[in-house]
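Take a look at the structure below.
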Amino acid sequence: MGVCNVTPDSFSDGGRYLTEEAARARVDELLAEGADVVDVGGESTRPGARPVPAGEQLARVLEVVRYAAGRGACVSVDTTSAEVAAACLEAGACAVNDVSCMRDARLAQAVAEAGAALVLMHARGTQEAMKGFSAYPDDAYGDVVADVVREWEEAAARAQGAGVPREALVMDPGLGFAKNARQSLELLRRLPEIVGALEVPVAVGASRKSFLRLADPDAGPGDRLGASLAAAFEAARAGASLLRVHDVRATRQGIELTRMLEKGP
């Protein structure tokens, strides 16, 4: 799943693809590098980011979604707005990526009406209320895996109650969202438990995130490729079905070579 942020303020690539021309070029780049899904978002999910009105999100992403779908891409729209989701699904998107953990049941209704898929990410609270990158109390979870799975199941039940079938759901443990660096690392380390506990595909978005500074405290978002790749390979090994990444070609290369090595001569 290749990332296309049509935003001025995303933590890693904010402003790079804000114009429609730049966003289309980014879509072309992701597809050329082998992305299976293009994830288009018009609202930053960095800590402290303010909500973007639906109309402004649509002005940013709608034509990009339409363009990507016209190129034959499987498109997910990264939004928590039911209005944005419905318009993008009508324009050709096949999935919605909800980072709010089903805060608004109307979003699920839009997904259900379109017969689309819903990537449901675990989170607590809004991005505006998040204190900072990987800033969260150590004692906020009893057992981070058990608590995340339980809270995700509660959100999944809300989505199913709004009409989304279980088989249309994808689980994302939400690395970095209401988790500190150690909690995110533990979720990644124990990902096989999450995959085994759920009968739905699991998506992992570790790319360039701040918890990766555990491996290199001085690395900014653009300098975390090595750690991002290691996280992606570990997630794939653990059974993740989707990897949300900024660096599609590098990730695919690494996974393909890993698979070749595992097969042996």
Before giving the answer on side-chain hydrogen bond (donor to acceptor under 3.5 Å, both in side chains), spell out for Thr7 and Asn5 the whole-Å C-alpha distance, their side-chain angles and the decisive distance to 0.1 Å.
CA-CA 5 Å; Thr7 62; Asn5 288 319; 5.1 Å; no

Kindly determine whether Ser76 and Val96 satisfy side chain to side chain contact (heavy atoms under 4.5 Å, CB included), including the steps that lead there.
CA-CA 5 Å; Ser76 65; Val96 172; over 6 Å; no

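- Leu120 is not listed as a side-chain neighbour of Val170, based on a closest heavy-atom distance of 4.5 Å or more.
- Annotation: side chain of Leu198 is in contact with side chain of Val149 (closest heavy-atom distance under 4.5 Å).
- Between the Lys263 side chain and the Leu261 main chain, no donor and acceptor come within less than 3.5 Å of each other.
- Under the rule for a side-chain hydrogen bond (donor to acceptor under 3.5 Å, both in side chains), the partners of Glu153 that lie at least two apart in sequence or sit in another chain are Arg166.
- Tyr17 has its side chain out of reach of Val64: every pair of non-hydrogen atoms, C-beta onward, lies at least 4.5 Å apart.
- Between the side chain of Lys209 and the backbone N or O of Leu175 there is at least one donor-acceptor pair closer than 3.5 Å.
- Counting only distance, with no hydrogens or angles, the side chain of Arg224 and the backbone of Ala219 share a donor-acceptor pair below 3.5 Å.
- Partner of Val40 under the side-chain contact (heavy atoms from CB on, under 4.5 Å) criterion, out of Val3, Val65, Leu30: Val65 alone.
- A donor-acceptor contact shorter than 3.5 Å links the side chain of Asn180 to the backbone of Tyr136.
- For Glu256, the CD atom is densely surrounded, since the number of other residues' heavy atoms within 6.0 Å is greater than 12.
- When side chains are defined from C-beta on, Gln160 counts as touching Leu169, because their heavy atoms get closer than 4.5 Å.
- The two atoms that bring Leu187 and Pro173 nearest to each other are CD1-O, 4.2 Å, heavy atoms only.
- Side-chain contact between Pro51 and Glu43 is present, with heavy atoms from C-beta onward closer than 4.5 Å.
- You'll find the side chain of Val77 stays beyond 4.5 Å of the side chain of Asn97, heavy atoms only.
- Taking each heavy atom of Leu212 and Ala206 in turn, the nearest pair found is CD1-O, 3.3 Å.
- Scored by the side-chain hydrogen bond (donor to acceptor under 3.5 Å, both in side chains) test, Gln183 finds no partners at all (sequence neighbours excluded).
- Under the 3.5 Å distance criterion, the side-chain polar atoms of Gln109 are left unmatched by any main-chain donor or acceptor of Ala162.
- Here the closest non-hydrogen pair linking Val52 and Gln57 is O-NE2, 3.0 Å.
- Of the possible polar contacts, none joining the Arg60 side chain to the Leu18 backbone as a donor-acceptor pair under 3.5 Å is found.
- Between the side chain of Ser184 and the backbone N or O of Phe211 there is no donor-acceptor pair closer than 3.5 Å.
- Residues passing the side-chain hydrogen bond (donor to acceptor under 3.5 Å, both in side chains) test with Arg106 are Asp104, sequence neighbours excluded.
- In terms of heavy-atom proximity, Glu83 sits nearest to Ala54 at OE1-CB, 3.5 Å.
- Contact check for Met121 versus Phe177: side-chain heavy atoms found under the 4.5 Å cut-off.
- The shortest distance between side-chain heavy atoms of Leu107 and Met102 falls below 4.5 Å.
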Full working for salt bridge (charged side-chain N to carboxylate O under 4.0 Å, His left out) between Arg182 and Glu186:
CA-CA 6 Å; Arg182 290 175 297 279; Glu186 184 172 356; over 6 Å; no

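- Taking hydrophobic clusters as Ile, Leu, Val, Met, Phe, Trp and Tyr residues chained together by side-chain heavy-atom distances below 4.5 Å, Val200 does not share a cluster with Val119.
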Can Val37 and Val75 be said to form a side chain to side chain contact (heavy atoms under 4.5 Å, CB included), step by step?
CA-CA 6 Å; Val37 181; Val75 182; over 6 Å; no

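- With sequence neighbours excluded, the residues satisfying side-chain hydrogen bond (donor to acceptor under 3.5 Å, both in side chains) with Glu193 are Arg190.
- In terms of heavy-atom proximity, Ala69 sits nearest to Ala91 at CB-O, 4.1 Å.
- A side-chain donor-acceptor contact under 3.5 Å links Asp28 and Tyr67.
- Shown here are the salt bridge (charged side-chain N to carboxylate O under 4.0 Å, His left out) partners of Arg158, two or more places apart in sequence or in another chain: there are none.
- The two residues Asp172 and Trp152 make their nearest non-hydrogen contact at N-NE1, 4.3 Å.
- A distance-only check finds no donor-acceptor pair linking the side chain of Thr79 to the backbone of Val84 [under 3.5 Å].
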Please report, to 0.1 Å, the donor-acceptor pairs under 3.5 Å made by any side chain of residues 235-244, with sequence neighbours excluded.
from   : atom 1 : to     : atom 2 : distance (Å)
Arg237 : NE     : Glu234 : OE1    : 3.2
Arg237 : NH2    : Glu234 : OE2    : 2.5
Arg244 : NE     : Asp39  : OD2    : 2.7
Arg244 : NH2    : Asp39  : OD2    : 3.2
Arg244 : NH2    : Asp78  : OD2    : 3.4

